[in-house]
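Notes for the one structure printed next.
Predicted, not measured: the structure shown is a model, and the values here were computed from it.
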Amino acid sequence: MAKSLMLGIDAGLTRTKAALFDLDAVGREVAAAGVEGAVSRPFPGAAERSMDQAWTDAAEAVRAALASARASGADVAAVGVTGAMVGVWPIDDRGRPVRPALLVADTRGQEAIDRAAANDPDALDRIFRSGGCVVEPGCTLPALRWLVDHEPEAIARTRRVLSCKDWLRYRLTGEVAADVTEAAVAPGDARARNRSPEMLRIFGLEAHADLLAPVRPSESIAGVVTAAAAAETGLRPGTPVAIGAGDVPCSAIAAGAVDPGMACTVLGTTCHNGLVAGEPVFEPPNVGLLFTMPERLWLRVMVNLAGAPNLDWALGALFPDLAAADSGASVFDALERIASARPAGVEGLLYHPYLSEVGLIAPVVSRGARAQFSGVRAAHGRADMLRAVYEGVAYAIRDCYAAIGRPIAEIRLVGGGARSDFWSQTIADVTDTPVLTLEGGEFGAKGAALLASVAVGRRRSVREAAREATLVRRRFEPDPARAAIYAEGFARFKAAREAIVALHRS
């Protein structure tokens, strides 16, 4: 194979994946493998991960991907790493974990956020105006503040605070670094594309600034695979490893969303709806996220915290007989056949897909909002409710893009939900916007691999790499008749969403 493969590693909260891509064949996915992990929840609000186990899972996934491709480490030209963003992954002066990692889903940092807001009523606005993100308790700075307050002995032993991908890259290379995508959402400074001394002051972390790793470009070389890492992964010692980026920016890169005005929806466990911009976008204020991407790009994102899990819920709650009788992809094929047999709009039945325990964070914030049906009639059955679930997620996508308030020509759809042609067409009809699904399955890993291809000079720029490697599987054009039905339905969906928010505000 003459080193024609690029390896991407994508470490999610519960599953770590490794995928190999042939960049000489325009980014074709050659093989992929995944390892299931576990989030530890020792008490309510805690979400932790064994750092050693995270590395073991990544090494196992790499070995499995190489075996699946019938390749060796000598066939891999470079490695890129991505993963779930922020959190706190602390190491000591020997590079060993100080304690389990605090993940983005950990809520203990809310204490630090509340204290910052109490000390300065403008603090949350200042955080948003700097980084473009609504600060979450699992972000690096509030989570680190919690450790400083409650585990001073652990902080005393901490030499560096990393993120997930930076920990895995450290295990591969022995080099400590962070990248611009992580630094700007710590929270940091989206305009400067770096960390922010002001944000450190807001959380009282000035004395701990040296714990944060130095920031380097995502598409640069971090180091090379060490002999020890090679022995565990099957990679060749000396293989270059790129700095990499967070999972959301990497997925957008892999989808080819690298020009201002391009839209990308990642429909997976969560549903990220992002629009690429050539400048940081802070409108609407105090809602949503802003990801800093390579090459002077930014991704303005509105998130529905529950995406595909809405369909998992519908399967178990509405069709337990189907869930018990079948497994795998065929059961979801059956769900599509059932839902598609019902009429668009299901005669006024609506579903709001706010299934997350965190509630609603876009296009407005309502922590008490929960998933619910409205407009239920005696004639409605479980098939109608199922179709409403598909449509409800699509309505939430439209709601998020409407909040960004900028025109979009098409939506690039990736993630597990993109495998469903019925759901993809529904999203096109509900948003009245063409939807493109793309070849491949591991988009986070692919984005990391593309960054590695730039780092080693196989591509001249991230834009070039992304454009050449984007393979459109299918384009879904909105159906005018269904789009008209859904335009009326969206007006009712939005009015009901406003009522849900008002109810939980009172």
Give the C-alpha distance, both sets of side-chain angles, the deciding distance and a yes or no for side chain to side chain donor-acceptor pair (under 3.5 Å) between Arg473 and Thr437. CA-CA 5 Å; Arg473 181 180 72 86; Thr437 59; 3.2 Å; yes

Verify side chain to side chain donor-acceptor pair (under 3.5 Å) between Tyr486 and Thr431, making sure each step is shown before the conclusion. CA-CA 8 Å; Tyr486 288 133; Thr431 62; over 6 Å; no

With sequence neighbours excluded, give me every side chain to side chain donor-acceptor pair (under 3.5 Å) pair touching residues 374-383. Asp321-Arg382

Are Leu290 and Leu299 close enough that some pair of their side-chain heavy atoms sits under 4.5 Å apart? no

Is the side chain of Arg412 donor-acceptor paired with the backbone N or O of Ala255 at a distance under 3.5 Å, no angle test? yes

Please name all residues satisfying side chain to side chain donor-acceptor pair (under 3.5 Å) with Arg15, sequence neighbours left out, ordered by chain then number. Glu36

Any side-chain donor near an acceptor of the partner, Thr426 and Asp429, under 3.5 Å: no

Listed partners of Glu283 passing salt bridge (charged side-chain N to carboxylate O under 4.0 Å, His left out), at least two apart: none

Closest approach of Thr292 and Arg193, non-hydrogen atoms and distance? CG2-NH1, 3.3 Å

side-chain contact (heavy atoms from CB on, under 4.5 Å) assessment of Phe443 paired with Leu438: CA-CA 9 Å; Phe443 287 91; Leu438 308 171; 3.8 Å; yes

Quick check against the 3.5 Å criterion: does Thr140 have a side-chain atom that pairs as donor or acceptor with the backbone of Gly87? yes

Presence of salt bridge, Glu498 and Arg492, under 4.0 angstrom: no

Is it possible for you to check whether Arg99 lies under 6.0 Å from the centre of the six-membered ring of Trp89, through NZ or CZ, and within 45° of that ring's axis? no

Inter-residue atom distance Cys164.SG - Ile9.CD1, 0.5 Å rounding: 10.5 Å

How long is the gap from CD1 on Ile397 to CD on Glu391, to the nearest 0.5 Å? 12.5 Å

Tell me the closest heavy-atom pair linking Ser424 and Gly417, and the distance in Å. OG-O, 4.4 Å

Val389 side chain reached by Arg387 side chain, heavy atoms, under 4.5 Å: no

List the atom of Leu305, the atom of Ser356, and the distance in Å for their closest heavy-atom pair. CB-CB, 3.5 Å

Given Leu350 and Tyr395, is the side-chain contact (heavy atoms from CB on, under 4.5 Å) satisfied, shown in steps? CA-CA 9 Å; Leu350 289 174; Tyr395 280 132; 3.7 Å; yes

Residues which pass side chain to side chain donor-acceptor pair (under 3.5 Å) with Arg419, listed by chain and number, not counting sequence neighbours: none

Measure the CG-OG1 distance between Leu436 and Thr470 for me, rounded to the nearest 0.5 Å. 10.0 Å

Set of salt bridge (charged side-chain N to carboxylate O under 4.0 Å, His left out) partners for Asp479, sequence neighbours left out: none

Taking NZ, NE, NH1 and NH2 as the nitrogens, is one of them in Arg49 or Asp57 under 4.0 Å from a carboxylate oxygen of the other? yes

Residue pairs passing the ring pair (Phe, Tyr, Trp, His ring centres under 6.0 Å) test where at least one lies in residues 359-379, sequence neighbours excluded: Tyr351-Phe373

Where is the tightest heavy-atom contact between Pro434 and Pro478, given as atom of each residue plus distance? N-CD, 3.8 Å

Mind checking side chain to side chain donor-acceptor pair (under 3.5 Å) for Arg497 and listing every partner two or more places apart, or none if nothing turns up? Asp399

What pairs with Arg63 under side-chain contact (heavy atoms from CB on, under 4.5 Å), at least two apart in sequence or on another chain? Ala59, Glu60

What residue pairs, at least two apart or across chains, pass ring pair (Phe, Tyr, Trp, His ring centres under 6.0 Å) with a residue in residues 404-428? Tyr390-Phe422, Tyr390-Trp423

Any pair counted as side chain to side chain donor-acceptor pair (under 3.5 Å), so long as it reaches residues 338-347, sequence neighbours left out: Arg342-Asp384

Nearest heavy-atom neighbours spanning Ala466 and Val258: CB-CG1, 3.7 Å

What orientation do Phe493 and Phe490 show, parallel under 30°, tilted 30 to 60°, or perpendicular over 60°? parallel

When you compare the side chains of Glu336 and Ser420, does any donor N or O come within less than 3.5 Å of an acceptor on the partner? yes

Please identify each residue that fulfils side-chain contact (heavy atoms from CB on, under 4.5 Å) with Pro100, with sequence neighbours left out. Glu48

Hey, is the main chain of Leu289 close enough, under 3.5 Å, to the side chain of Arg300 for a donor-acceptor pair? yes

Salt-bridge present (Glu29, Lys446; N to O < 4.0 Å): no

Candidate pair Glu182 and Arg169, rule salt bridge (Lys or Arg N to Asp or Glu O under 4.0 Å), full reasoning: CA-CA 14 Å; Glu182 296 277 7; Arg169 192 185 58 246; over 6 Å; no

What closest approach, in Å, do Ala483 and Asp432 show between heavy atoms, and which atom pair accounts for it? CB-OD1, 3.7 Å

Just how far is it from atom CD of Glu136 to atom CD of Gln110, taken to the nearest 0.5 Å? 8.0 Å

Within-4.5 Å side-chain heavy-atom neighbours: Ile500 and His352: yes

Applying side-chain contact (heavy atoms from CB on, under 4.5 Å), run through Arg406 and Val281 and close with a yes or a no. CA-CA 11 Å; Arg406 295 191 174 197; Val281 177; 3.6 Å; yes

Which is it for Asp247 and Met85 under the side-chain contact (heavy atoms from CB on, under 4.5 Å) test, yes or no, and what are the steps along the way? CA-CA 7 Å; Asp247 54 355; Met85 299 179 72; 3.5 Å; yes

Interatomic distance, Leu66 atom CG to Thr233 atom OG1 [nearest 0.5 angstrom]: 7.5 Å

Return yes if a side-chain donor-acceptor contact under 3.5 Å exists between Asp52 and Ser50, otherwise no. no

Check whether any side-chain N or O of Trp167 sits under 3.5 Å from a backbone N or O of Met51 as a donor-acceptor pair, and report yes or no. yes

Will you find, in the side chains of Asp10 and Thr82, an N or O donor that is under 3.5 Å from an N or O acceptor? no

Give a yes-or-no answer on whether the side chains of Thr433 and Tyr401 include a donor-acceptor pair shorter than 3.5 Å. no

Spacing of CG belonging to Leu413 relative to SG belonging to Cys264, to within rounding of 0.5 Å: 8.0 Å

Test of understanding: with salt bridge (charged side-chain N to carboxylate O under 4.0 Å, His left out), list the residues that count as partners of Glu442, not counting sequence neighbours. Lys17

